[in-house]
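Just so you know, these numbers use all the heavy atoms, side chains as well, and skip hydrogens, waters and symmetry mates.
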There are 2 protein chains.
Amino acid sequence: MKRGPQRSLNPEAVLDAALELMDAGGLTMRALAARVGLTPGALYTYFPDRAAIVVALADRLLGEADVGLLEDGDREPHERITAFALNLRQVLMRHPAAMPSILGAAFSGPVAARVGESLLIALPDPRASYTVMVYVLGAVALEAAELDAAGPVPPEDERIAARRAAFTVDPALFPRTHAAADAIAAYISTEQFRWGLERLLSSL
Amino acid sequence: MKRGPQRSLNPEAVLDAALELMDAGGLTMRALAARVGLTPGALYTYFPDRAAIVVALADRLLGEADVGLLEDGDREPHERITAFALNLRQVLMRHPAAMPSILGAAFSGPVAARVGESLLIALPDPRASYTVMVYVLGAVALEAAELDAAGPVPPEDERIAARRAAFTVDPALFPRTHAAADAIAAYISTEQFRWGLERLLSSL
DNA sequence: ACCTGAACACCGTTCAAGT
DNA sequence: ACCTGAACACCGTTCAAGT
């Protein structure tokens with residue numbers, strides 16, 4: 001749905017373009033200006049600086065997660081948290097290049113407060129809530145880190161196969177690592193994510 | 001131990017200077033060259049590009065953690081892992097500005113293999129090992145993210161007090177968050193880190 | 001208020017030329 | 001092999017001037 005330079009421009013339209021550029025591997029003020037049909041300097045009418053754009057983008061992405069999953073009264077709390085964690089991981093992995101921004105800005109924005117509150121509904125102990133958030137964001141950060149900045153995200157099974165093929169260690173030096181090669185290749189799998197989350201939740 | 005331009009320069013000396021610049025909040029090839037008494041172009045004799053310097057730096061930092069803590073046969077596995085996790089957190093928090101690089105490159109370097117192998121000694125199930133690593137790196141990433149890029153890291157109690165003072169949410173909209181303000185301010189505390197880790201380990 | 005055009009003070013990287 | 005000097009192709013941000 002490319003539209004070229006907009007007739008009437010608003011901050012949301014600028015963010016749309018910024019996200020596309022970030023996904024494509026390079027968000028610069030100059031590229032962003034060109035994308036929305038503006039001169040670089042004109043962007044400063046909409047945002048004070050580049051950092052503000054990145055923060056707004058992070059908050060918007062976090063907002064795409066479905067916090068309603070946490071508040072579904074018909075399901076067990078652990079079930080709700082698992083559903084939300086899987087959903088959040090999926091949402092964030094649609095834009096892996098934005099993950100560093102999420103980590104850098106996640107809990108300052110208005111949407112972060114909404115996520116935190118909903119999490120406390122399902123998991124009233126704040127220490128437990130934060131531990132879950134640490135796990136989810138940590139797992140996604142490590143998963144996103146090994147993706148090419150540019151280009152679409154390959155299917156999970158392809159990424160695992162690529163990890164397995166590329167994996168080599170000296171069996172003499174690292175025997176346990178060598179023996180665990182299959183499991184290590186699958187570190188980024190949904191199954192691993194779910195396994196760790198289940199372990200964690202079972203003690204919270 | 002400032003020495004100015006070196007007589008004989010090696011890659012390690014370049015990395016020393018690079019780490020200082022990263023801690024100071026800005027690692028650029030030009031600043032790095034000036035720091036070691038070189039012209040920017042000369043750096044490409046030591047490293048192929050800036051990314052290679054960052055990766056080497058990340059691996060070096062990870063190497064400062066004491067993997068021996070994981071292999072101490074006299075102590076319980078969970079005790080060893082706790083000691084190592086606290087040590088790794090401490091080591092990484094000495095250079096918070098390098099944390100994005102750690103996340104971005106942590107498991108490609110040679111030192112990462114050593115850490116992984118040692119972790120498998122204390123925690124033989126690779127899925128469990130990875131879950132611990134996700135927790136530690138996730139917690140440190142979130143803690144490091146809210147620090148100023150430049151300048152030294154303030155003491156933990158000061159950082160918690162600052163978080164508490166800055167914390168405000170609408171009690172009507174976010175009642176649980178409002179009630180948990182003290183615990184939320186302490187999310188970055190050693191106590192919270194230890195609490196989450198203990199919960200996690202108790203089920204692994 | 002919104003935007004242009006032009007400038008300022010930077011970047012990373014390359015490369016002929018020197019030693 | 002190591003390094004300089006100079007250039008190339010970029011950056012983010014500011015600001016007078018226009019509408």
_Within-4.5 Å side-chain heavy-atom neighbours: A:Thr28 and A:Leu21_ = no
*Measure from OH on A:Tyr44 to C1' on C:dC3 and round the result to the nearest Å.*
14 Å
*Whole-Å distance between C:dC2 P and A:Leu38 CG?*
11 Å
*Less than 4.0 Å between a side-chain N and a carboxylate O, is that true for A:Glu156 and A:Arg89?*
yes
_Of the listed nucleotides C:dC3, D:dG12, C:dG12, the one nearest the side chain of A:Arg30_ = D:dG12
*In whole angstroms, how far is the P atom of C:dG12 from the CG atom of B:Leu27?*
8 Å
*Check the distance between C:dT13's P and B:Leu32's CG and give it to me in whole angstrom.*
12 Å
*May I have the distance from A:Asp49 (atom CG) to D:dC11 (atom P), rounded to whole angstrom?*
17 Å
_Which nucleotides of DNA chain C pair, in dot-bracket form (Watson-Crick or G-U under 3.5 Å, | meaning another strand)_ = ||.|||||...|||||.||
*State, yes or no, whether a side-chain contact exists between A:Tyr135 and B:Leu200 at a heavy-atom distance under 4.5 Å.*
no
*Proximal nucleotide (of D:dT4, C:dT13, D:dT13) relative to the B:Ala42 side chain*: D:dT4
*Going by distance alone, is a donor N or O of one side chain under 3.5 Å from an acceptor N or O of the other, for B:Arg127 and B:Thr131?*
no
*Separation of A:Phe47 atom CZ from D:dT13 atom C1', in whole Å?*
16 Å
*Using atom CZ of B:Arg50 as one end and atom C1' of D:dC11 as the other, report the distance to the nearest whole Å.*
13 Å
*Rounded to whole angstroms, how far apart are CG on B:Leu43 and C1' on D:dG5?*
15 Å
*Could you work out the separation of D:dC8 and C:dC10 based on their C1' atoms and round it to a whole Å?*
15 Å
*Find out whether A:Leu70 and A:Ile121 are in side-chain contact, i.e. whether some heavy atom of one side chain is under 4.5 Å from a heavy atom of the other.*
no
*Choosing from C:dT4, D:dT13, C:dT13, which nucleotide comes nearest the side chain of A:Met29?*
D:dT13
*Indicate whether OP1 or OP2 belonging to C:dC11 is found under 4.0 Å from a side-chain N or O atom of B:Thr28.*
yes
*Side chains of A:Ser203 and A:Arg199: is there a donor and an acceptor less than 3.5 Å apart?*
no
_By the 4.0 Å heavy-atom rule, please label A:Tyr46 as base, sugar-phosphate, or nothing._
sugar-phosphate
*asked:* Tell me whether B:Arg163 forms a cation-pi arrangement with B:Tyr187, defined as NZ or CZ under 6.0 Å from the six-membered ring centre and within 45 degrees of its axis.
replied: no
